[in-house]
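Letters A, B, ... are given to chains in the order of the sequence lines, protein chains preceding strands, and every chain is numbered from 1. Here the structure is a predicted model, which means the values were calculated and not measured.
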Amino acid sequence: KAGVTQTPRYLIKTRGQQVTLSCSPISGHRSVSWYQQTPGQGLQFLFEYFSETQRNKGNFPGRFSGRQFSNSRSEMNVSTLELGDSALYLCASSQSGILETQYFGPGTRLLVL
Amino acid sequence: GENVEQHPSTLSVQEGDSAVIKCTYSDSASNYFPWYKQELGKRPQLIIDIRSNVGEKKDQRIAVTLNKTAKHFSLHITETQPEDSAVYFCAASKGWVTGGGNKLTFGTGTQLKVEL
C-alpha cells in the first residue's frame with residue numbers, strides 16, 4: 001500500500017496570509033490526525049478527523065482548522081499566519097483510531113516570513 | 001490534560017552498548033504507548049508500541065516495558081548500531097473508547113547518538 005502523502009512539501013508564506021495543507025491517508029484508513037512539530041514545542045496535537053467528523057481537538061487557536069472528505073483525505077487551514085506558525089506539519093493516519101498504530105506522512109514544512 | 005515527560009534529552013552510547021529511554025505520563029486513563037524514531041529530515045516512524053494490558057514487549061533488539069502503577073514506560077535498545085542514531089519520541093494515548101480519540105501526547109524527544 002502507498003504510505004501517507006502530504007502536499008505541498010514546502011511552503012513559504014508571509015504574515016497575514018492563509019495556507020491550506022493536504023493529507024492523503026493510507027488506503028482504507030479513516031482516521032487522520034494533524035500535528036505541529038517545532039524545535040521549541042516538540043510534537044503537538046492539532047486535531048483528529050474520523051469519518052468526516054472532528055473527533056478531538058488540541059489547544060490551538062481558532063485560526064487552525066481542518067476538514068475531512070468522504071474519501072478520508074484531509075486538509076488543514078491556517079488563517080492570518082503568524083511568524084510562530086513556522087513549523088513542520090505532520091499528518092498521521094490509522095484505520096479506525098482505536099489504540100492503533102498511526103502512520104505519519106513526510107510533513108509539510110511551512111515558513112512564515 | 002495528559003502530560004508526558006521524557007528523559008534523557010540526549011544520550012550518547014558506544015556501539016554495542018544498550019540504551020534506555022524513560023517516559024512518565026500523568027493521565028491514568030492512558031492505555032496505548034507507542035515509540036517513534038525520527039531521523040533528521042524524515043517522518044516519525046513507529047518502532048514499537050505497547051498496550052496497557054501488557055507489561056513488556058520485545059522485537060529483536062528493541063523492547064518496551066510498562067509500569068501502569070508508577071505510570072512510566074521505557075524503551076530498551078540492545079546492541080546499538082550507528083543506524084540507531086536518531087531522535088526517539090515516546091507518546092501516550094487514551095484511545096477512542098475513553099474519549100481521547102486518537103490523540104497522541106508526545107514526550108520531548110531523546111537524541112540518541114551511537115558512537116563507533
Side-chain angles (χ1 to χ4, degrees), chain A residues 2-7 9-10 23-26 29-51 53-60 66 68 72 74 87-109, chain B residues 1-7 9-10 23 25 27 29-54 57 59 64 66 68 73 86-111:
Chain A
V4 180
T5 58
Q6 292 185 244
T7 57
R9 294 293 311 279
Y10 303 93
C23 172
S24 293
I26 291 171
H29 285 194
R30 295 164 61 193
S31 169
V32 174
S33 297
W34 288 88
Y35 295 86
Q36 182 195 65
Q37 186 173 27
T38 60
Q41 299 298 317
L43 278 154
Q44 292 192 294
F45 174 81
L46 281 154
F47 29 64
E48 179 205 359
Y49 286 87
F50 178 78
S51 292
T53 301
Q54 188 180 84
R55 185 158 69 178
N56 209 339
K57 190 177 189 304
N59 298 322
F60 279 81
Q68 186 179 36
S72 293
S74 178
L88 179 67
Y89 290 89
L90 294 157
C91 75
S93 78
S94 65
Q95 284 191 317
S96 66
I98 304 176
L99 304 184
E100 290 178 338
T101 300
Q102 291 188 49
Y103 298 89
F104 281 87
T108 293
R109 187 163 295 282
Chain B
E2 172 74 282
N3 183 49
V4 177
E5 293 189 359
Q6 182 172 348
H7 299 280
S9 58
T10 60
C23 289
Y25 59 98
D27 192 335
S30 292
N31 49 18
Y32 174 63
F33 308 92
W35 286 87
Y36 284 86
K37 173 184 180 182
Q38 188 175 28
E39 296 176 80
L40 191 62
K42 296 194 174 180
R43 72 187 76 189
Q45 293 205 307
L46 180 82
I47 54 171
I48 195 166
D49 57 9
I50 192 166
R51 290 163 177 78
S52 60
N53 58 344
V54 176
K57 184 177 178 181
D59 183 3
V64 58
L66 171 64
K68 286 215 72 180
F73 56 113
V87 178
Y88 291 81
F89 293 96
C90 63
S93 173
K94 291 196 288 188
W96 184 76
V97 174
T98 51
N102 213 15
K103 173 184 176 181
L104 288 174
T105 300
F106 283 89
T108 49
T110 297
Q111 174 73 62

> Are A:Gln37 and B:Phe89 side-chain neighbours, meaning at least one heavy-atom pair lies under 4.5 Å?
Replying inline: yes

>> Do B:Leu104 and A:Tyr35 have side chains that approach each other closer than 4.5 Å (heavy atoms only, starting at C-beta)?
In response: yes

Please classify the contact between [X] and chain B as side chain, backbone, both or neither, with a heavy-atom cut-off of under 4.5 Å.
X: A:Leu90; result: side chain
X: A:Thr101; result: both
X: A:Phe47; result: neither

> Got a sec: does the CG of A:Asn59 have more than 12 other heavy atoms crowding it under 6.0 Å?
Replying inline: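 Count not over threshold, so no.
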
>> Quick check: closest heavy atoms across A:Val4 and B:Arg43, and the distance to 0.1 Å?
In response: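 Residues A:Val4 and B:Arg43, closest heavy atoms: O-NH1, 3.4 Å.
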
> Side chain, backbone, both or neither: which part of B:Gln6 has a non-hydrogen atom closer than 4.5 Å to chain A?
Replying inline: neither

> Where does B:Pro44 contact chain A at under 4.5 Å (heavy atoms): side chain, backbone, both or neither?
Replying inline: both

Looking at [atom1] of [X] and [atom2] of [Y], how far apart are the two atoms once the value is rounded to the nearest 0.5 Å?
X: A:Tyr103; Y: B:Leu46; atom1: OH; atom2: CG; value: 7.0 Å
X: A:Asn56; Y: B:Lys94; atom1: CG; atom2: NZ; value: 8.5 Å
X: A:Glu100; Y: B:Arg51; atom1: CD; atom2: CZ; value: 8.0 Å

